[in-house]
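All chains are named by letter (A, B, ...) in the order of the sequence lines, taking the proteins before the strands, and each is independently numbered beginning at 1.
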Amino acid sequence: LGRARPHDPASVLGAGVRGPLDRLDPRARVLGAVVWAVGVVALSDLAALAAAAALAAGLTVAAGVPCGALLRRVAALDGFLLAAVATLPFSTPGAPAAEVLGLTATREGLRLAAEIALTANAAALAAIALVGALDPVAFGRALGRLGAPPALAQLTAFALRYVDVLAQEGRRLRAAMKARGFRPGPDGRSLRAFGWLVGMTLVRALDRSDRILDAMKCRGYDGRAPAADGPPFGPADALFGAGVAAALVGLHAAQALR
Amino acid sequence: MHIVDGALANEVALAGAAMTAAGVAVGLRALTPERIPAAGVLSAAFFVSSLIHVPLGPVSAHLTLSGLAGLVLGWAAFPALFVGLTLQTAFLGFGGVTALGVNTLAMAGPAVAVWALCGRGAARGGPQAAALWGATAGALAIALGAVVVAGALALGGPAFRPAAALALAAHVPLMAVEAALTAAAVGLLRRVRPEALGAAAALFLPARARR
(Lines give C-alpha, C1' and ligand atoms only; values in the text may rest on other atoms or scores of the structure.)
Protein backbone atom coordinates (compact mmCIF):
# COMPACT_ATOMS: atom_id res chain seq x y z
CA LEU A 1 0.00 0.00 0.00
CA GLY A 2 2.95 2.28 0.56
CA ARG A 3 3.49 2.52 -3.15
CA ALA A 4 -0.05 2.11 -4.40
CA ARG A 5 0.38 4.55 -7.27
CA PRO A 6 2.10 3.42 -10.44
CA HIS A 7 4.99 5.50 -11.66
CA ASP A 8 3.58 8.36 -13.72
CA PRO A 9 6.08 10.50 -15.60
CA ALA A 10 3.50 13.28 -15.96
CA SER A 11 2.92 13.33 -12.20
CA VAL A 12 2.72 16.87 -10.82
CA LEU A 13 4.60 16.07 -7.63
CA GLY A 14 6.97 13.45 -9.05
CA ALA A 15 6.70 9.82 -8.06
CA GLY A 16 9.58 9.59 -5.61
CA VAL A 17 13.22 8.92 -6.38
CA ARG A 18 14.74 5.48 -5.78
CA GLY A 19 18.04 5.95 -4.01
CA PRO A 20 20.17 5.30 -0.96
CA LEU A 21 17.97 7.59 1.16
CA ASP A 22 15.15 5.04 0.74
CA ARG A 23 16.60 3.21 3.74
CA LEU A 24 15.57 6.12 5.96
CA ASP A 25 12.16 6.39 7.60
CA PRO A 26 10.20 9.14 5.74
CA ARG A 27 9.55 10.70 9.15
CA ALA A 28 13.29 11.04 9.70
CA ARG A 29 13.64 12.73 6.31
CA VAL A 30 10.86 15.25 7.00
CA LEU A 31 12.19 16.02 10.48
CA GLY A 32 15.74 16.25 9.12
CA ALA A 33 14.71 18.79 6.46
CA VAL A 34 12.91 20.98 9.03
CA VAL A 35 15.71 20.83 11.63
CA TRP A 36 18.29 21.53 8.92
CA ALA A 37 16.33 24.55 7.64
CA VAL A 38 16.01 26.02 11.14
CA GLY A 39 19.70 25.40 11.86
CA VAL A 40 20.78 26.96 8.57
CA VAL A 41 18.55 30.03 9.01
CA ALA A 42 20.30 30.60 12.37
CA LEU A 43 23.71 30.81 10.61
CA SER A 44 25.01 34.17 9.41
CA ASP A 45 28.67 33.62 8.48
CA LEU A 46 29.05 33.49 4.68
CA ALA A 47 31.70 30.74 4.72
CA ALA A 48 29.60 28.56 7.02
CA LEU A 49 26.54 29.16 4.83
CA ALA A 50 28.50 28.29 1.68
CA ALA A 51 29.62 25.06 3.35
CA ALA A 52 26.00 24.33 4.32
CA ALA A 53 24.84 24.93 0.72
CA ALA A 54 27.61 22.64 -0.56
CA LEU A 55 26.58 19.91 1.91
CA ALA A 56 22.94 20.25 0.84
CA ALA A 57 23.93 20.09 -2.85
CA GLY A 58 25.92 16.93 -2.07
CA LEU A 59 22.79 15.49 -0.46
CA THR A 60 20.75 16.02 -3.64
CA VAL A 61 23.42 14.07 -5.56
CA ALA A 62 23.43 11.34 -2.90
CA ALA A 63 19.63 11.15 -3.05
CA GLY A 64 19.83 10.64 -6.83
CA VAL A 65 17.48 13.52 -7.70
CA PRO A 66 17.37 13.68 -11.53
CA CYS A 67 19.14 16.70 -13.00
CA GLY A 68 16.06 18.09 -14.79
CA ALA A 69 13.83 17.94 -11.73
CA LEU A 70 16.54 19.51 -9.61
CA LEU A 71 17.10 22.37 -12.07
CA ARG A 72 13.35 23.09 -12.34
CA ARG A 73 13.00 23.35 -8.57
CA VAL A 74 16.15 25.43 -8.11
CA ALA A 75 14.99 27.76 -10.91
CA ALA A 76 11.62 28.22 -9.19
CA LEU A 77 13.32 28.87 -5.88
CA ASP A 78 15.86 31.31 -7.24
CA GLY A 79 13.18 33.23 -9.13
CA PHE A 80 11.45 34.02 -5.82
CA LEU A 81 14.85 34.59 -4.24
CA LEU A 82 15.88 37.16 -6.84
CA ALA A 83 12.66 39.12 -6.29
CA ALA A 84 13.45 39.32 -2.57
CA VAL A 85 17.16 40.18 -2.63
CA ALA A 86 17.72 42.15 -5.88
CA THR A 87 17.14 45.51 -4.18
CA LEU A 88 19.12 44.78 -1.00
CA PRO A 89 22.63 45.78 -2.24
CA PHE A 90 21.29 49.24 -3.06
CA SER A 91 19.08 49.78 -0.02
CA THR A 92 21.50 48.76 2.76
CA PRO A 93 23.58 51.63 4.13
CA GLY A 94 27.35 51.07 4.17
CA ALA A 95 30.60 51.38 2.23
CA PRO A 96 30.08 51.79 -1.54
CA ALA A 97 31.27 48.78 -3.54
CA ALA A 98 29.98 49.23 -7.09
CA GLU A 99 27.84 51.47 -9.31
CA VAL A 100 25.05 49.98 -11.41
CA LEU A 101 22.93 52.30 -13.57
CA GLY A 102 23.62 55.22 -11.28
CA LEU A 103 22.72 53.26 -8.12
CA THR A 104 25.37 52.54 -5.52
CA ALA A 105 25.67 49.00 -4.20
CA THR A 106 27.22 48.72 -0.74
CA ARG A 107 29.48 45.98 0.60
CA GLU A 108 27.06 45.41 3.48
CA GLY A 109 24.14 45.14 1.07
CA LEU A 110 25.92 42.66 -1.17
CA ARG A 111 26.83 40.63 1.91
CA LEU A 112 23.21 40.57 3.10
CA ALA A 113 21.97 39.52 -0.35
CA ALA A 114 24.59 36.75 -0.49
CA GLU A 115 23.66 35.61 3.01
CA ILE A 116 19.98 35.24 2.10
CA ALA A 117 20.78 33.58 -1.22
CA LEU A 118 23.04 30.99 0.43
CA THR A 119 20.57 30.39 3.29
CA ALA A 120 17.63 29.89 0.95
CA ASN A 121 19.56 27.50 -1.29
CA ALA A 122 21.10 25.53 1.58
CA ALA A 123 17.69 25.00 3.20
CA ALA A 124 15.81 24.30 -0.04
CA LEU A 125 18.36 21.92 -1.59
CA ALA A 126 18.17 19.74 1.53
CA ALA A 127 14.36 19.87 1.42
CA ILE A 128 14.40 18.82 -2.25
CA ALA A 129 16.71 15.88 -1.49
CA LEU A 130 15.01 14.75 1.72
CA VAL A 131 11.32 15.52 1.14
CA GLY A 132 10.91 16.33 -2.57
CA ALA A 133 12.44 12.98 -3.54
CA LEU A 134 9.98 11.12 -1.31
CA ASP A 135 7.04 9.27 -2.76
CA PRO A 136 4.13 11.73 -2.13
CA VAL A 137 2.05 9.01 -0.48
CA ALA A 138 4.91 8.23 1.92
CA PHE A 139 5.13 11.94 2.70
CA GLY A 140 1.43 12.09 3.63
CA ARG A 141 1.74 9.03 5.89
CA ALA A 142 4.85 10.47 7.52
CA LEU A 143 2.96 13.67 8.41
CA GLY A 144 0.22 11.61 10.05
CA ARG A 145 2.71 9.53 12.02
CA LEU A 146 4.56 12.68 13.12
CA GLY A 147 1.49 13.76 15.03
CA ALA A 148 -0.36 16.02 12.57
CA PRO A 149 -4.07 16.32 13.58
CA PRO A 150 -6.01 13.39 12.03
CA ALA A 151 -8.23 15.70 9.97
CA LEU A 152 -5.18 17.48 8.54
CA ALA A 153 -3.51 14.15 7.75
CA GLN A 154 -6.68 12.98 5.96
CA LEU A 155 -6.90 16.26 4.07
CA THR A 156 -3.29 15.86 2.95
CA ALA A 157 -3.90 12.25 1.94
CA PHE A 158 -6.90 13.28 -0.21
CA ALA A 159 -5.00 16.17 -1.79
CA LEU A 160 -2.05 13.91 -2.62
CA ARG A 161 -4.31 11.21 -4.03
CA TYR A 162 -6.28 13.56 -6.29
CA VAL A 163 -3.65 16.07 -7.47
CA ASP A 164 -2.71 13.97 -10.47
CA VAL A 165 -6.30 12.89 -11.21
CA LEU A 166 -7.39 16.54 -11.34
CA ALA A 167 -4.30 17.58 -13.28
CA GLN A 168 -5.26 15.02 -15.94
CA GLU A 169 -8.83 16.31 -15.95
CA GLY A 170 -7.44 19.83 -16.34
CA ARG A 171 -5.34 18.69 -19.29
CA ARG A 172 -8.43 17.18 -20.94
CA LEU A 173 -10.33 20.45 -20.48
CA ARG A 174 -7.36 22.38 -21.92
CA ALA A 175 -7.19 20.00 -24.88
CA ALA A 176 -10.92 20.54 -25.46
CA MET A 177 -10.41 24.32 -25.41
CA LYS A 178 -7.50 24.07 -27.81
CA ALA A 179 -9.51 21.86 -30.16
CA ARG A 180 -12.09 24.67 -30.31
CA GLY A 181 -9.45 27.20 -31.28
CA PHE A 182 -8.57 28.74 -27.91
CA ARG A 183 -5.26 30.62 -27.98
CA PRO A 184 -4.34 32.17 -24.62
CA GLY A 185 -3.30 35.81 -24.76
CA PRO A 186 -3.20 38.74 -22.36
CA ASP A 187 -6.81 39.79 -22.93
CA GLY A 188 -10.14 39.67 -21.12
CA ARG A 189 -11.55 36.87 -23.28
CA SER A 190 -8.70 34.54 -22.34
CA LEU A 191 -9.03 35.39 -18.67
CA ARG A 192 -12.75 34.62 -18.78
CA ALA A 193 -12.01 31.32 -20.49
CA PHE A 194 -9.40 30.49 -17.84
CA GLY A 195 -11.93 31.42 -15.16
CA TRP A 196 -14.48 29.01 -16.65
CA LEU A 197 -11.74 26.38 -16.82
CA VAL A 198 -11.05 26.84 -13.11
CA GLY A 199 -14.78 26.87 -12.32
CA MET A 200 -15.35 23.66 -14.31
CA THR A 201 -12.38 22.03 -12.54
CA LEU A 202 -14.01 22.87 -9.22
CA VAL A 203 -17.43 21.58 -10.35
CA ARG A 204 -15.91 18.31 -11.43
CA ALA A 205 -13.87 18.10 -8.23
CA LEU A 206 -17.02 18.57 -6.12
CA ASP A 207 -18.89 15.89 -8.10
CA ARG A 208 -15.96 13.57 -7.67
CA SER A 209 -15.80 14.22 -3.93
CA ASP A 210 -19.51 13.27 -3.62
CA ARG A 211 -18.81 9.96 -5.34
CA ILE A 212 -15.76 9.40 -3.13
CA LEU A 213 -17.78 10.03 0.02
CA ASP A 214 -20.53 7.65 -1.14
CA ALA A 215 -17.97 4.97 -1.90
CA MET A 216 -16.31 5.48 1.46
CA LYS A 217 -19.63 5.30 3.33
CA CYS A 218 -20.33 2.03 1.51
CA ARG A 219 -17.19 0.71 3.14
CA GLY A 220 -18.11 1.90 6.62
CA TYR A 221 -16.40 5.30 6.80
CA ASP A 222 -17.35 7.07 10.02
CA GLY A 223 -14.86 9.93 9.96
CA ARG A 224 -11.95 7.96 11.30
CA ALA A 225 -9.06 6.85 9.16
CA PRO A 226 -7.08 3.81 10.21
CA ALA A 227 -4.03 4.97 12.16
CA ALA A 228 -0.99 5.06 9.94
CA ASP A 229 1.58 2.75 11.42
CA GLY A 230 4.86 1.37 10.22
CA PRO A 231 8.23 0.24 11.42
CA PRO A 232 9.87 2.27 14.21
CA PHE A 233 12.98 4.35 13.61
CA GLY A 234 15.97 2.11 12.81
CA PRO A 235 19.76 2.35 13.06
CA ALA A 236 19.97 4.13 9.68
CA ASP A 237 17.68 6.87 11.02
CA ALA A 238 19.84 7.24 14.15
CA LEU A 239 22.93 7.55 11.99
CA PHE A 240 21.20 10.13 9.76
CA GLY A 241 19.99 12.14 12.76
CA ALA A 242 23.49 12.13 14.23
CA GLY A 243 24.88 13.26 10.87
CA VAL A 244 22.46 16.20 10.61
CA ALA A 245 23.17 17.20 14.21
CA ALA A 246 26.94 16.90 13.75
CA ALA A 247 26.87 18.97 10.55
CA LEU A 248 24.83 21.75 12.21
CA VAL A 249 26.95 21.76 15.38
CA GLY A 250 30.11 21.83 13.25
CA LEU A 251 28.83 24.74 11.12
CA HIS A 252 27.79 26.76 14.16
CA ALA A 253 31.12 26.03 15.89
CA ALA A 254 33.01 27.13 12.77
CA GLN A 255 30.97 30.35 12.68
CA ALA A 256 31.66 31.03 16.37
CA LEU A 257 35.40 30.48 15.93
CA ARG A 258 35.79 32.87 12.99
CA MET B 1 4.72 35.46 -4.27
CA HIS B 2 6.45 33.05 -1.93
CA ILE B 3 9.08 34.13 0.62
CA VAL B 4 12.31 32.09 0.77
CA ASP B 5 14.28 30.88 3.80
CA GLY B 6 16.50 33.54 5.37
CA ALA B 7 14.58 36.58 4.08
CA LEU B 8 12.47 36.95 7.23
CA ALA B 9 13.44 38.09 10.71
CA ASN B 10 13.21 35.19 13.18
CA GLU B 11 10.42 36.85 15.16
CA VAL B 12 8.37 37.42 12.00
CA ALA B 13 8.79 33.80 10.88
CA LEU B 14 7.76 32.56 14.32
CA ALA B 15 4.77 34.90 14.56
CA GLY B 16 3.63 33.80 11.09
CA ALA B 17 3.93 30.15 12.06
CA ALA B 18 1.93 30.72 15.25
CA MET B 19 -0.85 32.58 13.42
CA THR B 20 -0.99 29.92 10.72
CA ALA B 21 -1.20 27.17 13.35
CA ALA B 22 -4.13 28.99 14.97
CA GLY B 23 -5.86 29.48 11.62
CA VAL B 24 -5.41 25.84 10.65
CA ALA B 25 -6.78 24.75 14.03
CA VAL B 26 -9.93 26.89 13.59
CA GLY B 27 -10.31 25.68 10.00
CA LEU B 28 -10.02 22.03 11.01
CA ARG B 29 -12.89 22.46 13.49
CA ALA B 30 -15.02 23.50 10.53
CA LEU B 31 -14.31 20.19 8.82
CA THR B 32 -16.82 17.52 9.74
CA PRO B 33 -15.87 14.00 8.60
CA GLU B 34 -18.53 14.37 5.89
CA ARG B 35 -16.73 17.37 4.41
CA ILE B 36 -13.15 16.06 4.51
CA PRO B 37 -13.31 14.38 1.07
CA ALA B 38 -14.74 17.56 -0.51
CA ALA B 39 -12.17 19.80 1.18
CA GLY B 40 -9.34 17.43 0.25
CA VAL B 41 -10.33 17.16 -3.41
CA LEU B 42 -10.90 20.94 -3.58
CA SER B 43 -7.50 21.48 -2.02
CA ALA B 44 -6.03 19.37 -4.84
CA ALA B 45 -8.13 21.33 -7.37
CA PHE B 46 -6.77 24.66 -6.11
CA PHE B 47 -3.26 23.27 -6.13
CA VAL B 48 -3.64 22.13 -9.75
CA SER B 49 -5.34 25.38 -10.84
CA SER B 50 -2.54 27.40 -9.28
CA LEU B 51 -0.19 25.68 -11.74
CA ILE B 52 -1.99 27.34 -14.69
CA HIS B 53 0.26 30.01 -16.13
CA VAL B 54 -1.55 33.06 -17.49
CA PRO B 55 0.31 35.14 -20.08
CA LEU B 56 0.83 38.72 -18.84
CA GLY B 57 2.59 40.57 -21.63
CA PRO B 58 6.21 39.45 -21.70
CA VAL B 59 5.99 37.30 -18.56
CA SER B 60 3.50 34.82 -17.20
CA ALA B 61 2.23 34.54 -13.67
CA HIS B 62 0.94 31.48 -11.89
CA LEU B 63 -2.49 31.82 -10.34
CA THR B 64 -3.13 32.02 -6.62
CA LEU B 65 -6.95 31.81 -6.50
CA SER B 66 -7.01 32.56 -2.78
CA GLY B 67 -10.20 34.62 -3.17
CA LEU B 68 -12.02 31.80 -4.94
CA ALA B 69 -10.75 29.29 -2.37
CA GLY B 70 -12.18 31.48 0.38
CA LEU B 71 -15.59 31.79 -1.32
CA VAL B 72 -15.89 28.03 -1.83
CA LEU B 73 -14.28 26.75 1.37
CA GLY B 74 -14.78 29.47 4.02
CA TRP B 75 -12.68 28.75 7.10
CA ALA B 76 -11.71 25.38 5.64
CA ALA B 77 -9.60 27.35 3.14
CA PHE B 78 -6.99 27.70 5.89
CA PRO B 79 -6.07 24.02 6.23
CA ALA B 80 -6.74 23.40 2.52
CA LEU B 81 -4.35 26.14 1.37
CA PHE B 82 -1.84 25.11 4.05
CA VAL B 83 -1.80 21.61 2.57
CA GLY B 84 -1.35 23.03 -0.94
CA LEU B 85 1.51 25.30 0.15
CA THR B 86 3.20 22.50 2.07
CA LEU B 87 3.17 20.40 -1.11
CA GLN B 88 4.50 23.36 -3.14
CA THR B 89 7.31 23.91 -0.65
CA ALA B 90 8.21 20.23 -0.36
CA PHE B 91 7.89 19.15 -3.98
CA LEU B 92 8.15 22.22 -6.21
CA GLY B 93 10.67 24.49 -4.47
CA PHE B 94 8.15 27.36 -4.03
CA GLY B 95 9.05 29.25 -0.85
CA GLY B 96 11.10 28.33 2.19
CA VAL B 97 10.55 25.73 4.90
CA THR B 98 10.87 28.24 7.73
CA ALA B 99 8.71 30.79 5.84
CA LEU B 100 5.79 28.35 5.41
CA GLY B 101 3.87 30.04 8.23
CA VAL B 102 4.05 33.52 6.70
CA ASN B 103 3.46 32.17 3.18
CA THR B 104 0.30 30.35 4.33
CA LEU B 105 -0.89 33.41 6.23
CA ALA B 106 -0.50 35.52 3.07
CA MET B 107 -2.85 33.23 1.13
CA ALA B 108 -5.24 31.75 3.67
CA GLY B 109 -5.74 34.86 5.80
CA PRO B 110 -7.06 36.88 2.84
CA ALA B 111 -9.12 33.88 1.69
CA VAL B 112 -11.01 33.78 5.00
CA ALA B 113 -11.27 37.59 5.08
CA VAL B 114 -12.86 37.86 1.61
CA TRP B 115 -15.19 34.99 2.44
CA ALA B 116 -16.40 36.95 5.46
CA LEU B 117 -16.81 40.10 3.33
CA CYS B 118 -18.07 38.78 -0.03
CA GLY B 119 -19.25 35.21 0.66
CA ARG B 120 -22.85 36.14 1.38
CA GLY B 121 -23.14 38.37 -1.68
CA ALA B 122 -21.63 35.77 -4.01
CA ALA B 123 -24.00 33.07 -2.73
CA ARG B 124 -27.21 35.10 -2.77
CA GLY B 125 -27.19 37.40 -5.81
CA GLY B 126 -27.87 36.50 -9.44
CA PRO B 127 -25.03 35.32 -11.69
CA GLN B 128 -24.05 38.92 -12.56
CA ALA B 129 -23.99 40.08 -8.96
CA ALA B 130 -22.13 36.92 -7.97
CA ALA B 131 -19.51 37.62 -10.64
CA LEU B 132 -19.12 41.17 -9.31
CA TRP B 133 -18.64 39.85 -5.77
CA GLY B 134 -16.20 37.33 -7.21
CA ALA B 135 -14.18 40.08 -8.88
CA THR B 136 -14.06 42.00 -5.61
CA ALA B 137 -13.01 38.90 -3.68
CA GLY B 138 -10.33 37.99 -6.23
CA ALA B 139 -8.75 41.44 -6.28
CA LEU B 140 -9.05 41.99 -2.54
CA ALA B 141 -7.50 38.64 -1.65
CA ILE B 142 -4.43 39.41 -3.77
CA ALA B 143 -4.16 42.93 -2.33
CA LEU B 144 -4.36 41.66 1.25
CA GLY B 145 -1.87 38.90 0.49
CA ALA B 146 0.54 41.45 -0.99
CA VAL B 147 0.21 43.55 2.16
CA VAL B 148 1.04 40.52 4.33
CA VAL B 149 4.09 39.61 2.19
CA ALA B 150 5.33 43.20 2.00
CA GLY B 151 4.70 43.79 5.69
CA ALA B 152 6.55 40.61 6.70
CA LEU B 153 9.53 41.63 4.54
CA ALA B 154 9.52 45.25 5.72
CA LEU B 155 9.60 44.15 9.36
CA GLY B 156 13.09 42.82 8.62
CA GLY B 157 14.46 46.37 8.66
CA PRO B 158 14.71 49.52 6.52
CA ALA B 159 16.96 47.74 3.99
CA PHE B 160 14.03 45.47 3.07
CA ARG B 161 11.61 48.32 2.34
CA PRO B 162 12.36 48.62 -1.40
CA ALA B 163 11.96 44.84 -1.75
CA ALA B 164 8.62 45.13 0.07
CA ALA B 165 7.54 48.00 -2.19
CA LEU B 166 8.53 45.95 -5.23
CA ALA B 167 6.47 43.01 -3.95
CA LEU B 168 3.46 45.33 -3.54
CA ALA B 169 3.84 46.77 -7.04
CA ALA B 170 4.26 43.33 -8.62
CA HIS B 171 0.88 42.27 -7.25
CA VAL B 172 -1.07 45.06 -8.98
CA PRO B 173 -1.32 43.38 -12.40
CA LEU B 174 -2.06 40.10 -10.61
CA MET B 175 -5.03 41.76 -8.90
CA ALA B 176 -6.58 42.54 -12.28
CA VAL B 177 -5.93 39.00 -13.55
CA GLU B 178 -7.37 37.31 -10.47
CA ALA B 179 -10.37 39.65 -10.38
CA ALA B 180 -11.34 38.78 -13.97
CA LEU B 181 -10.69 35.10 -13.44
CA THR B 182 -12.50 34.81 -10.12
CA ALA B 183 -15.47 36.75 -11.56
CA ALA B 184 -15.79 34.25 -14.42
CA ALA B 185 -15.33 31.23 -12.14
CA VAL B 186 -17.85 32.49 -9.56
CA GLY B 187 -20.33 33.42 -12.29
CA LEU B 188 -20.06 29.91 -13.68
CA LEU B 189 -20.41 28.27 -10.27
CA ARG B 190 -23.44 30.47 -9.51
CA ARG B 191 -25.13 29.24 -12.67
CA VAL B 192 -24.23 25.53 -12.76
CA ARG B 193 -23.53 24.69 -9.10
CA PRO B 194 -24.99 27.40 -6.84
CA GLU B 195 -24.74 25.20 -3.74
CA ALA B 196 -20.93 25.21 -4.11
CA LEU B 197 -20.89 28.88 -3.10
CA GLY B 198 -23.49 28.46 -0.37
CA ALA B 199 -21.58 25.45 0.91
CA ALA B 200 -18.98 27.58 2.60
CA ALA B 201 -21.62 29.47 4.54
CA ALA B 202 -23.69 26.46 5.46
CA LEU B 203 -21.21 23.66 5.89
CA PHE B 204 -17.74 24.97 6.58
CA LEU B 205 -18.60 27.17 9.55
CA PRO B 206 -16.84 26.23 12.78
CA ALA B 207 -18.96 23.66 14.60
CA ARG B 208 -20.03 26.02 17.40
CA ALA B 209 -21.28 28.76 15.08
CA ARG B 210 -23.35 26.29 13.08
CA ARG B 211 -25.43 25.21 16.06
Side chain, backbone, both or neither: which part of [X] has a heavy atom under 4.5 Å from chain A?
X	value
B:I36	both
B:L8	neither
B:L166	side chain
B:E34	both
B:V83	side chain
B:F160	both
B:F47	side chain
B:L100	neither

At a heavy-atom separation under 4.5 Å, does [X] approach chain B through its side chain, its backbone, both, or neither?
X	result
A:L197	side chain
A:M200	both
A:L112	side chain
A:Y221	side chain

For chain B, find which of [options] contributes the most heavy-atom pairs closer than 4.5 angstrom.
options	answer
A:L77, A:T201, A:V198, A:L49	A:V198
A:L206, A:V34, A:L88, A:L81	A:L88
A:I212, A:L152, A:T92	A:L152

Which of B:V186, B:L132, B:L71 passes side chain to side chain contact (heavy atoms under 4.5 Å, CB included) with B:C118? It is B:L71

At a heavy-atom distance under 4.5 Å, which candidate from B:P162, B:A13, B:A25, B:A176 has the highest pair count against chain A?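 Ranked by heavy-atom pairs under 4.5 Å with chain A, first place is B:P162.
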
If we define contacts as heavy-atom pairs under 4.5 Å, which of B:V24, B:L28, B:N10 has the most with chain A?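 Counting heavy-atom pairs under 4.5 Å, the top option is B:L28.
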
When you compare the side chain of [Y] with that of [X], does any pair of heavy atoms fall below 4.5 Å?
X	Y	result
B:L63	B:L181	yes
B:N103	B:T89	no
B:F78	B:T104	yes
B:L92	B:L87	no
A:S44	A:Q255	yes

Atom CZ of residue position A:R211 - does it have more than 12 heavy atoms of other residues, nucleotides or ligands inside 6.0 Å?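 Counting neighbours around CZ of A:R211, more than 12 heavy atoms of other residues, nucleotides or ligands fall under 6.0 Å, so yes.
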
If you compare all heavy atoms of B:A159 against all heavy atoms of A:S91, which two are closest, and at what distance to 0.1 Å?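 Nearest heavy atoms, B:A159 then A:S91: O-OG, 2.5 Å.
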
B:L155 versus B:V12, closest heavy-atom pair with distance: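 In this case the closest contact between B:L155 and B:V12 is CB-CG2, 3.7 Å.
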
Aromatic rings A:F194 and A:F182: how do their planes relate, parallel, tilted or perpendicular, breaks at 30° and 60°? perpendicular

Under a 4.0 Å threshold between the charged nitrogen and the carboxylate oxygen, would A:E169 count as salt-bridged to A:R174? no

